[in-house]
**Q** 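The structure is given below, and queries will be raised subsequently.
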Protein chains: 2
Amino acid sequence: MLHDRLGFLLKHAQLELTERTTSALAPLGINGRELAVLTVLGAGEALAQQQAAGRLAIDRTTMVDLIDALERKGLVERRPDPADRRRNLVHLTPGGRTVLDSGERIYRTAEGEFVAALDAGEAAQLKELLRRVLGLD
Amino acid sequence: MLHDRLGFLLKHAQLELTERTTSALAPLGINGRELAVLTVLGAGEALAQQQAAGRLAIDRTTMVDLIDALERKGLVERRPDPADRRRNLVHLTPGGRTVLDSGERIYRTAEGEFVAALDAGEAAQLKELLRRVLGLD
DNA sequence: TATTGTTATACTCTATAACTATA
DNA sequence: TATAGTTATAGAGTATAACAATA
């Protein structure tokens, strides 16, 4: 059957988590991917686009559009790296920092609700399978 | 950080599992999605396309192309349902049954190797997180 | 009227190749 | 010559709308 297939369950677990985090973050005007970008950018020193892409395992051509969107929303700023003018260092704006902080809280809450939901309904099968397949019984 | 985010880990776990199953199944000329379709079709009575789509939580318009591909490979056959001629009942061919049987074995092996790999390398973080987040300690 | 399969279309995410400006 | 960012393009996977045949 299907419901003991890890591929099927991982796919639908991810779909449901994405749905939950997307609607939870919507009031901030961002989605989970954009929050992830803000998270790596806000972790320490400003990063070049490719550095941020590397940490997220995202292609550099995909990162261009992500930064475009965040810049349009006023959450980040591209500034040429004085030490290597091929690079853009991407800085969080004050607004970006605010959105990052509340976005992190919202994301954690949504993640926790998703995990709690695993205990009920159809999704219990995912937890069951993970428990068995990971040998955690 | 990123590596304790369930969304990030689920995504990359799925990517790696897909990669493993895709290359393991390649000698059979099918991928994991097509094996899943063969699995629901081979489970019991022949199903109409929408019934199969429903069990896989796949859109009926997507199912059309999936059945097209499997039919071109000679693994399934559409036959009009005599009881309701709007429907196609999709039957496994003998070749389709053979591919399903060995595909299932191959899939299970790949799944097991994926889980084993979780114990080593970077992916250990996934197992750690799942263990913690699912409260399985 | 409603439903099954189908086609056309579009949107998202991703990746490859080629361009520009720098190094 | 190599690299960072960019653009154009194409490939999956998905979904919506509309159509023909059938109920």
Side-chain angles (χ1 to χ4, degrees), chain A residues 7-8 10-19 21-23 25-26 30-37 40-41 45-72 76-91, chain B residues 7-8 10-19 21-23 25-26 30-37 41 46-72 76-91:
Chain A
F8 184 85
L10 280 179
K11 174 183 172 185
H12 288 279
Q14 203 202 334
L15 282 175
E16 175 165 342
L17 180 58
T18 299
E19 201 170 294
T21 56
T22 299
S23 60
L25 290 170
I30 61 172
N31 59 33
R33 301 185 79 208
E34 293 171 324
L35 177 63
V37 175
V40 298
L41 293 176
E45 292 298 298
L47 299 175
Q49 294 183 196
Q50 285 197 48
Q51 293 177 309
R55 302 204 184 175
L56 290 163
I58 283 176
D59 195 78
R60 62 180 173 146
T61 63
T62 303
M63 185 56 68
V64 174
D65 289 342
L66 279 168
I67 302 291
D68 282 349
L70 292 172
E71 202 167 34
R72 275 195 304 273
V76 304
E77 274 179 16
R78 289 171 162 105
R79 301 188 204 149
D81 182 351
D84 181 348
R85 295 198 338 279
R86 293 174 301 184
R87 294 184 157 193
N88 295 328
L89 295 180
V90 187
H91 297 259
Chain B
F8 185 85
L10 280 179
K11 174 183 172 184
H12 288 280
Q14 202 202 334
L15 282 175
E16 177 166 341
L17 180 59
T18 299
E19 204 170 290
T21 56
T22 300
S23 60
L25 291 170
I30 60 171
N31 59 33
R33 297 185 84 210
E34 293 170 324
L35 177 62
V37 176
L41 293 177
L47 298 175
Q49 295 183 197
Q50 284 197 49
Q51 292 177 310
R55 301 203 186 177
L56 290 162
I58 283 176
D59 194 80
R60 65 181 171 149
T61 64
T62 304
M63 185 57 67
V64 173
D65 289 341
L66 279 168
I67 302 291
D68 282 349
L70 292 172
E71 202 167 35
R72 276 196 303 271
V76 304
E77 275 179 15
R78 289 172 163 106
R79 300 187 205 150
D81 182 349
D84 181 347
R85 295 196 341 277
R86 292 174 301 184
R87 291 184 159 193
N88 294 328
L89 294 180
V90 188
H91 296 260

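Residue numbers start from 1 in every chain, and the chains themselves are labelled A, B, ... in the order their sequence lines are given, proteins ahead of strands. Predicted model only: the values in this text are computed from it and were never measured.
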**Q** Which heavy atom of A/His12 sits nearest to which heavy atom of B/Leu56, and what is that distance?
**A**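 Closest pair (atom of A/His12, atom of B/Leu56, distance): NE2-O, 4.0 Å.
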**Q** Which residues pass the side chain to side chain contact (heavy atoms under 4.5 Å, CB included) test with A/Ala69, sequence neighbours left out?
**A**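 For A/Ala69 the side chain to side chain contact (heavy atoms under 4.5 Å, CB included) partners, ignoring immediate neighbours, are A/Glu34, A/Arg72.
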**Q** Can a donor-acceptor pair be found, under 3.5 Å and without considering hydrogens, that links the side chain of A/Asn88 to the backbone of A/Val90?
**A**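 No, because the side chain of A/Asn88 does not come within donor-acceptor range (under 3.5 Å) of the backbone of A/Val90.
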**Q** How close do B/Arg78 and B/Val64 get, heavy atom to heavy atom, and via which atoms?
**A**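 Between these two residues, the closest heavy atoms are NH2-O, 3.3 Å.
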**Q** What's touching nucleotides 3-5 of chain C from the protein side, N or O pairs under 3.5 Å?
**A**
from	atom 1	to	atom 2	distance (Å)
C/dT3	O4'	B/Arg86	NH1	3.1
C/dT3	O2	B/Arg86	NH1	3.1
C/dT4	OP2	B/Gln50	OE1	3.4
C/dT4	OP2	B/Gln50	NE2	3.4
C/dT4	O5'	B/Gln50	NE2	3.4
C/dG5	OP1	B/Gln49	N	2.9
C/dG5	OP1	B/Asn88	N	3.3
C/dG5	OP1	B/Asn88	O	3.4
C/dG5	OP2	B/Gln50	N	2.9
C/dG5	O3'	B/Asn88	ND2	3.2
C/dG5	N7	B/Arg60	NH1	2.9

**Q** Quick check: closest heavy atoms across B/Thr18 and B/Thr21, and the distance to 0.1 Å?
**A**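 Closest heavy-atom pair between B/Thr18 and B/Thr21: O-OG1, 3.2 Å.
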**Q** So which protein N/O to nucleotides 11-15 of chain C N/O distances come out below 3.5 Å?
**A**
from	atom 1	to	atom 2	distance (Å)
C/dT14	OP1	B/Lys11	NZ	2.9
C/dT14	OP2	A/Arg33	NH2	2.2

**Q** side-chain hydrogen bond (donor to acceptor under 3.5 Å, both in side chains) with A/Glu77: which residues, sequence neighbours excluded?
**A**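 In terms of side-chain hydrogen bond (donor to acceptor under 3.5 Å, both in side chains), with neighbours along the sequence ignored, A/Glu77 is linked to A/Arg79.
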**Q** With each end axis built from five pairs of C1' atoms, what bend angle do you get for the helix from C/dT1-D/dA23 to C/dA23-D/dT1? Round to 10°.
**A**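 So the angle between the two local helix axes works out to 20°.
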**Q** Would you grab the first and last nucleotide of DNA chain D (5' to 3') that comes under 4.0 Å of any non-hydrogen atom in chain A?
**A**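 Footprint of chain A along DNA chain D, 5' to 3': D/dA2 to D/dT14.
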**Q** Could you give the distance from OG1 (B/Thr22) to CG (B/Asn31), rounded to the nearest 0.5 Å?
**A**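 Going from the OG1 atom of B/Thr22 to the CG atom of B/Asn31 covers 6.0 Å.
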**Q** Which atoms form the tightest heavy-atom contact between A/Ala53 and A/Arg60, and what is the distance?
**A**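 What the structure gives for the nearest pair is CB-CA, 4.2 Å.
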**Q** So how far is it from B/Leu41 CG to B/Ile67 CD1, rounded to the nearest 0.5 Å?
**A**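 Taking CG in B/Leu41 and CD1 in B/Ile67, the distance rounds to 5.5 Å.
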**Q** Out of curiosity, A/Glu45 CD to A/Gln51 CD, how far, rounded to the nearest 0.5 Å?
**A**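 Atom-to-atom, A/Glu45:CD and A/Gln51:CD are 10.5 Å apart.
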**Q** Do you know the tightest heavy-atom contact between B/Leu17 and A/Leu10?
**A**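 Closest pair (atom of B/Leu17, atom of A/Leu10, distance): CD2-CD1, 4.0 Å.
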**Q** Determine, stepwise, if the pair A/Met63 / A/Gln50 fulfils side chain to side chain contact (heavy atoms under 4.5 Å, CB included).
**A** CA-CA 8 Å; A/Met63 185 56 68; A/Gln50 285 197 48; over 6 Å; no
